[in-house]
Amino acid sequence: MLDIKKIRSEFPALHQMVHDSPLVYFDNGATTQKPDVVIERVQHYYENENSNIHRGVHYLSQEATSRHEEARVIIQKFINAADSKEIIFTKGTTESINLVASSFSKKFISEGDEIIVTEMEHHANIVPWQQVCEEKGAHLKVVAVLEDGSLDMESYKMLLSDRTKIIAVTHISNVTGVINPIKEIIELAHGQNIPVLIDGAQGVSHTKVDVQELDCDFYVFSGHKLFAPMGIGVLYGKESWLEKLPPYQTGGEMIKNVSFERTTFNELPFKFEAGTPNVGGALGLAAAIEYITAIGIEDIEAHEKELLDYGTQQLSKIENLRIIGTSDNKASVISFIFEDIHHYDAGTILDQLGIAVRTGNHCAQPLMKRFGLSGTIRAAFAFYNTKEEIDKLVSSINRVRKMFI
Amino acid sequence: MLDIKKIRSEFPALHQMVHDSPLVYFDNGATTQKPDVVIERVQHYYENENSNIHRGVHYLSQEATSRHEEARVIIQKFINAADSKEIIFTKGTTESINLVASSFSKKFISEGDEIIVTEMEHHANIVPWQQVCEEKGAHLKVVAVLEDGSLDMESYKMLLSDRTKIIAVTHISNVTGVINPIKEIIELAHGQNIPVLIDGAQGVSHTKVDVQELDCDFYVFSGHKLFAPMGIGVLYGKESWLEKLPPYQTGGEMIKNVSFERTTFNELPFKFEAGTPNVGGALGLAAAIEYITAIGIEDIEAHEKELLDYGTQQLSKIENLRIIGTSDNKASVISFIFEDIHHYDAGTILDQLGIAVRTGNHCAQPLMKRFGLSGTIRAAFAFYNTKEEIDKLVSSINRVRKMFI
Amino acid sequence: MSIESSAAEIVEEFEMFDTWLDKYNYIIELGQELEGLDSQFKEQKYLISGCQSQVWLTAEFNDGKVYFKADSDAIITKGIVYLLIRVLSGNTPTAIVDYDLSFLEKIGLKEHLSPTRSNGLNSMIKQIKLYALVYQTKEKQR
Amino acid sequence: MSIESSAAEIVEEFEMFDTWLDKYNYIIELGQELEGLDSQFKEQKYLISGCQSQVWLTAEFNDGKVYFKADSDAIITKGIVYLLIRVLSGNTPTAIVDYDLSFLEKIGLKEHLSPTRSNGLNSMIKQIKLYALVYQTKEKQR
Ligand SMILES: Cc1ncc(COP(=O)(O)O)c(C=O)c1O
Ligand SMILES: Cc1ncc(COP(=O)(O)O)c(C=O)c1O
């Protein structure tokens with residue numbers, strides 16, 4: 001059981017008034033708030049340890065290098081990667097996907113090849129692949145989504161072909177919270193020797209991830225959705241794949257030797273890390289991971305499940321409210337619409353009542369189109385949220401309904 | 001005149017003991033220390049304002065969006081760009097250069113074309129262009145460096161041709177501190193309608209930059225070398241160029257509409273900013289710029305000039321010490337070698353004495369080759385450094401010499 | 001009525017409300033009042049991009065003056081665009097292009113009525129001014 | 001002498017020094033003492049990458065034991081690689097592959113003798129173990 005009161009006291013941003021009401025922060029799908037330990041870790045770094053890393057012989061540089069590489073190991077352990085060199089620091093999920101799409105396609109995509117994504121992907125896991133297809137004359141194949149928000153696995157199986165070169169699928173939908181059967185998806189793909197990239201932007205913060213057990217080839221996520229600062233993210237890749245991919249960005253750190261005749265690149269993980277890394281961000285991410293690990297991912301999952309069940313139950317009672325994504329394999333995210341009130345109108349008044357929900361298409365226009373919607377209202381619960389906050393959401397929705405109907 | 005004592009008190013990292021000696025931080029070419037106002041700005045953001053931006057209708061998101069866009073305007077004013085949409089946030093110089101190299105070459109580089117760089121560039125301003133040349137069958141042309149570390153302008157003029165498609169040159173050498181005549185370089189290039197990218201990684205922190213007066217087409221720099229956090233950087237581009245270039249990374253934020261049939265991209269500056277931006281970093285950078293602007297760039301330049309002159313004079317007295325880069329148009333950076341002691345040996349012992357200098361090739365192997373060196377020792381002075389610290393460097397060098405000779 | 005006096009009138013109206021609730025209720029009322037557009041105008045080419053809700057805007061040029069009509073699928077947005085139209089519609093292109101719309105700030109709903117990217121107000125104002133600019137240019141060319 | 005006892009010997013030697021200055025002076029002395037390599041070995045193929053200074057390392061396999069020789073253009077690096085060689089040279093491939101080199105930490109020059117990327121110690125150890133591994137495999141294949 002989580003000590004929610006203690007936990008909430010550790011997140012300074014949760015304790016503020018918004019439009020004269022205490023903030024209820026349910027926009028965790030967009031970004032999460034940060035615990036003191038993370039904020040302080042970054043501050044401590046800049047006050048005491050700040051230095052450019054890897055090549056400096058002086059004390060600060062060596063220390064910062066050690067901390068940075070320790071952070072890599074903490075991340076490795078967190079997702080149970082086989083080796084810390086399989087952890088590449090990026091600025092976020094979007095960059096991680098762009099990296100793989102760019103480097104993978106340079107070597108492995110040619111005309112007529114196929115790439116599989118799903119109808120529920122975030123734009124970050126669609127557009128880079130679309131660009132690759134356009135450049136290479138390849139084709140984007142799209143797995144359909146069923147009425148309850150889950151993947152149509154039959155559609156997936158039918159799309160798998162000997163022209164499929166890579167599959168990119170989200171772990172958890174950022175719109176509906178639906179958890180995809182990624183293990184099965186990966187197994188089926190591997191049966192035909194096709195690598196799979198998992199977009200874990202929403203995955204890591206809601207559930208335990210074990211990349212070796214999943215056997216995924218790439219797993220990507222953002223720090224800022226995992227209680228860590230912005231500007232830092234992760235690309236996990238199997239060593240064998242990372243070895244095969246050409247570098248992405250080039251410059252300092254990622255090279256071994258440069259001459260105008262010939263440049264040789266560094267080893268993993270540095271080969272993919274051009275330029276001065278975001279050391280402060282990496283340390284913040286490591287601190288966030290240590291924080292949630294100490295709380296316990298299982299306990300977090302249990303608490304979030306409670307919130308999900310309670311929220312679903314309470315919201316379902318509201319007239320003309322429809323939940324999008326009714327599959328029962330879901331993380332603590334509830335997207336809903338009103339049959340009679342526009343999501344923007346509702347979101348605006350909820351904001352006035354101190355409730356931060358996200359409204360709109362959630363960077364998932366194809367999924368909106370699938371459901372014939374222009375947008376939804378999304379309440380994404382983190383482990384620091386409470387049932388009382390859900391009650392507040394419900395009573396606020398009732399006020400909203402009174403204003404418009 | 002700067003109030004150095006006050007200034008130093010505002011940089012917490014400067015006040016620490018390293019190996020039992022008070023730290024003398026001369027590794028400012030690699031990264032600079034951060035003033036309290038910057039550290040606090042980031043902290044304040046995460047404690048009070050943290051939110052994902054641009055698309056949220058709720059209070060925190062709107063506020064964070066406003067702060068982020070205000071930061072863009074502060075940067076615009078700082079380098080006197082014509083419009084804030086000419087300021088693109090990146091993670092640093094390396095990414096900015098990769099962005100331009102990739103997007104520019106997609107549209108404007110074909111087989112047989114030429115790209116001009118110089119022999120004194122940082123690897124970040126060589127390798128991306130080298131990669132482009134390799135991909136497109138274009139040729140990299142290299143402006144020679146003279147014995148005093150300055151550019152051979154005759155060599156530059158001879159390389160300019162009707163096959164030249166872009167010129168990429170550093171504002172200030174990160175090895176020697178030599179300031180390039182970029183205005184003249186740009187004028188000559190523009191005489192033949194060739195755009196110029198200026199690598200301002202070392203430029204912005206040492207001298208006033210006015211991109212309109214320079215008339216450069218692109219100017220790039222990193223926040224962390226300008227007293228701001230890591231993980232944030234800037235690409236300035238003339239609107240007309242940025243409009244012409246295709247997007248670089250793709251995903252959320254930078255798109256207008258996504259469907260599996262067709263994706264349309266957003267306007268400037270968002271077109272080049274895929275994914276959740278580093279809002280905390282952007283605010284930190286804005287705070288750093290406000291801080292140094294309040295101190296006064298002219299006063300900073302004057303103080304650094306004093307340090308440069310004093311340092312040059314004092315170091316020149318030391319036996320068997322040779323300064324690399326003797327041109328008299330220099331920023332406050334001194335690279336030197338000993339004829340009889342390896343730079344690594346010297347750097348190691350200087351570190352034991354509390355002095356942080358950088359040793360090695362400074363990610364500029366071609367320049368090392370030009371001077372027949374395997375590396376140098378570099379003392380890069382920031383405005384918070386003092387003559388007393390230079391004295392300490394000199395006396396420490398004398399101790400080093402005693403140990404090895 | 002001149003732009004300035006319509007704007008002043010609106011500011012005055014809003015001053016009567018003490019709470020954000022009343023202000024929003026009023027905007028909602030305005031939104032419900034605003035005559036919508038015929039479905040023939042609810043097309044891609046009249047759609048203003050950059051808003052979370054869909055906003056369609058049409059303009060007509062008559063006797064040296066520009067007349068706007070608008071619609072939105074969200075009521076609050078409709079109320080807001082109503083305010084813009086009430087102030088600007090029926091004025092000369094030049095007057096519209098030049099007017100700075102600072103009255104919006106005085107209404108006291110900063111987060112909605114200050115032009116940030118997310119609420120789409122910026123895009124609406126841009127589109128309105130663009131129409132005016134086009135007519136202004138056309139007039140000059142005659 | 002076994003690897004363990006050479007290592008213990010070195011740790012003991014360093015215990016005699018109180019200050020980092022003395023320790024470095026000793027390393028410098030060792031570096032100056034270490035017989036360098038002939039110029040024919042100072043070639044790309046013997047060069048260890050990842051060090052700020054250049055380090056060349058050669059190995060010979062004789063009677064079931066591996067013998068190392070090394071050189072560097074930096075004296076401190078030469079002193080450090082001397083310590084490694086002194087402990088490891090003349091041992092069986094298996095002993096070398098298995099030894100964990102934790103004695104380096106006990107010497108008390110953490111920033112130099114703990115394997116971080118920047119000082120190149122990591123690369124030296126890797127290269128030494130790689131040689132040993134190759135000979136180990138060769139032996140097994142016979
Ligand atoms: C499923 C999913 N993928 C990708 C992203 C993009 O993440 P970022 O903006 O941090 O790069 C998000 C964030 O909104 C997401 O929810
Ligand atoms: C001249 C120059 N260019 C580019 C860079 C690369 O900057 P960053 O590592 O911040 O991307 C540096 C930093 O060392 C530099 O000094």
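Chain A is the first sequence line, chain B the second, and so forth, proteins listed ahead of strands; every chain is numbered from 1.
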Can you tell me if [X] has over 12 outside heavy atoms packed within less than 6.0 Å of its [atom1]?
| X | atom1 | answer |
| --- | --- | --- |
| D:E60 | CD | no |
| B:K392 | NZ | yes |
| D:D100 | CG | yes |
| D:E35 | CD | no |
| D:K65 | NZ | no |

Original post:
Any side-chain heavy atom of B:H342 within less than 4.5 Å of one from D:T77?
Top reply: no
Original post:
Heavy atoms, side chains only, cut-off 4.5 Å: are B:D345 and D:I28 in contact?
Top reply: no
For the atom pair [atom1] ([X]) and [atom2] ([Y]), what is the distance rounded to the nearest 0.5 Å?
| X | Y | atom1 | atom2 | value |
| --- | --- | --- | --- | --- |
| B:H19 | D:L21 | NE2 | CG | 13.0 Å |
| B:Y344 | D:Q54 | OH | CD | 14.0 Å |
| D:I76 | B:I341 | CD1 | CD1 | 10.0 Å |

Subject >> Taking every non-hydrogen atom, the tightest pair across D:Y24 and B:M403 >> reply: CB-CE, 3.9 Å
